[in-house]
Amino acid sequence: MARPSPCLLSNFVRRFRCREPSCPRAAFVEQAAGLTFRHGRRTQGLHAALQRLALMLAGRAGSRLADTLAVPVSRSTLLRLIRALPERAAATPRVLGIDEFALRKGPNYGTILIDIETRKPVDLLPDRTTSTVARWLAEHPGVEVICRDRSPAFAEAGRLGAPEAVHVADRWHIWSNLAEAVEKTVVQHRALLREPSDNTTATAAAVMENLDLEAASPMEPRTTGRLSDRVREQHAAVHALLDQGIALRVITRQLGLARNTVRRYAHAACADELLVGRWTGRASILDPYKPYLHQRWAEGCTVAHRLFEEVRERGYPGGENVVKVYAAKLRESLPHVPPRKAPSVRDVTSWLTRRPDRLTEGQAQQLKAILARCPALDRTAHHVRAFAELMNNREGRQLDKWIVAVQADDLPALHTFVTGLGQDLDAVIAGLSLRYSSGAVEGHNNKIKMLKRQMFGRANFDLLRLRVLHAA
């Protein structure tokens, strides 16, 4: 289908000429307010719409959408519209959030500044060095609170550029550092995460020894199986016809059996006489290896081929099919319940640093058993819960008591965490006491990642900065 041609708009305006010979402008054209602008090839409304489109989708994606809307424009034009946007002079925020973001893969980072109270970006800096951030703070006086992570570069920049500002360490980063210390403690005691072995295997093996998985003794008839059922049905059918006075030859034709088979059924008073033979209950070549098979089955090994390989290494002379048949009998008589898998280091760390009411019943039981086996993890869990209450209740002034309690305990990983807190103690106490946090900065970091992906390698810093500031 042919694309419709764009509509043409005719507008008649007045044209003026300057009578001053020295004037560089020989002619002037009247502009229609709200409709046209100097050197414009589109109306002001369409121009503003394309600018918003360029801010939201950048070049290629914006060009495809504009083409769908019947206002075809190239990606380069959209990028030029972004570059033509005026510089936004944002007011200096009272509460400033500082964080880094990646400009591209590798050690290429910039700095984003956020107004924590309005949750809007204030500025983007081309790097994350101390001098750049300190220079911006010095040029924009009035910042009273600085929310940041525990980066020493940002801490030093805040002290140089805004010496009177209160530093607030981000609570998410503090808790993340604590979780790392807890994980190191769990790694040191990972041997105690698995439940200790008990007599479950021996008990299951003893129960399996008493199972009657074999056929009856040589003097007893078969009582189960397809052969036993078929013989009993045919024997009953033959004797029912004999009671009616029907000859053996006729019975042979009616039942479709061989003459000798019908004669053997007729001479047997009951079906049990036919189900006893020299092969019934015969000892198997697998019998000497069954105790080992029972033990391995109780331990959780239920793969017939693996069991066959193990007994063959122990001298079993038979074939694999015999082991498969016996494994099928074991599977039918004693279904295997696999042992509970030991939790990983990451699982236990998550349980220790998560709210107790968010654990499932099974997770809570496993954690309780682990803490009972490992006193060091039990003490770690106690310190973690105390720190969580301190942070949730905004009781940062009680941090000194918590530090003293940790230092009095033999937990090296938590000692390292406490040492790190001491290097930035005032900011940590403020972060655990004040309501400010850097959560808004993390949200804008995700937005920057999306904006960079839309620019397809053309994400130079100036374009990215204009998009972030104008699209807020």
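Residue indices begin at 1 and follow the sequence shown.
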Supply the atom-to-atom distance [X] [atom1] to [Y] [atom2], rounded to the nearest 0.5 angstrom.
X	Y	atom1	atom2	result
L113	L125	CG	CG	4.5 Å
Q363	R354	CD	CZ	5.0 Å
E320	E309	CD	CD	7.0 Å
S433	R394	OG	CZ	9.0 Å
Q188	L377	CD	CG	9.5 Å
T92	D123	OG1	CG	10.0 Å

H383 and W402 aromatic ring geometry - parallel, tilted or perpendicular at 30°/60° bounds: perpendicular
Parallel, tilted or perpendicular, as decided by the 30° and 60° cut-offs, for the rings of H140 and W136: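 Rings of W136 and H140: parallel, under 30°.
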Please confirm whether the backbone N or O of [Y] pairs with a side-chain atom of [X], one donor and one acceptor, at under 3.5 Å?
X	Y	answer
D409	L411	no
Y289	G315	yes
N393	E395	no
R331	T302	yes
R128	G110	no

Partner set under ring-ring contact (aromatic ring centres under 6.0 Å, His included) for W351, not counting sequence neighbours: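 In terms of ring-ring contact (aromatic ring centres under 6.0 Å, His included), with neighbours along the sequence ignored, W351 is linked to no residue.
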Other residues, nucleotides, ligands: >12 heavy atoms within 6.0 Å of R94 CZ: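 Count over threshold, so yes.
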Neighbour count above 12 (heavy atom, 6.0 Å) for R190 CZ: no
If you compare all heavy atoms of [X] against all heavy atoms of [Y], which two are closest, and at what distance to 0.1 Å?
X	Y	answer
I429	G396	CG2-O, 3.7 Å
T349	A179	CG2-O, 3.8 Å
A327	W297	O-CH2, 3.6 Å
G318	I285	CA-CD1, 3.5 Å
A304	K324	CB-CG, 3.8 Å
L137	G158	CD1-CA, 3.8 Å

Salt-bridge contact R159-E156 (side-chain N to carboxylate O under 4.0 Å): yes
Short N-O contact, R346 and E183, less than 4.0 angstrom: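 No, no charged N to carboxylate O under 4.0 Å.
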Side-chain contact, heavy-atom cut-off 4.5 Å: [X] with [Y]?
X	Y	result
L432	V428	yes
L160	T130	yes
F417	V182	no
L178	T353	no
F154	H167	no
V186	T380	no
I114	V122	no
C301	L307	yes

Test log, rule salt bridge (charged side-chain N to carboxylate O under 4.0 Å, His left out), inputs K290 and D287: CA-CA 5 Å; K290 286 180 181 178; D287 288 344; 2.7 Å; yes
Full working for side chain to side chain contact (heavy atoms under 4.5 Å, CB included) between D99 and T111: CA-CA 6 Å; D99 200 3; T111 302; over 6 Å; no
Qualifying side chain to side chain donor-acceptor pair (under 3.5 Å) pairs with a residue from residues 417-426, counting only residues at least two apart or across chains: R148-D424
Worked verdict on D170 versus C147 for side chain to side chain contact (heavy atoms under 4.5 Å, CB included): CA-CA 7 Å; D170 181 48; C147 298; over 6 Å; no
Judged by modelled atom types alone, do [X] and [Y] share a side-chain donor-acceptor pair under 3.5 Å?
X	Y	result
D347	S350	no
E310	Y316	no
H415	Q407	no

T185 vs L352, side chain to side chain contact (heavy atoms under 4.5 Å, CB included): CA-CA, chis, key distance, verdict: CA-CA 11 Å; T185 305; L352 290 172; over 6 Å; no
Residues L193, V348; criterion side chain to side chain contact (heavy atoms under 4.5 Å, CB included); working and verdict: CA-CA 8 Å; L193 302 185; V348 178; 3.9 Å; yes
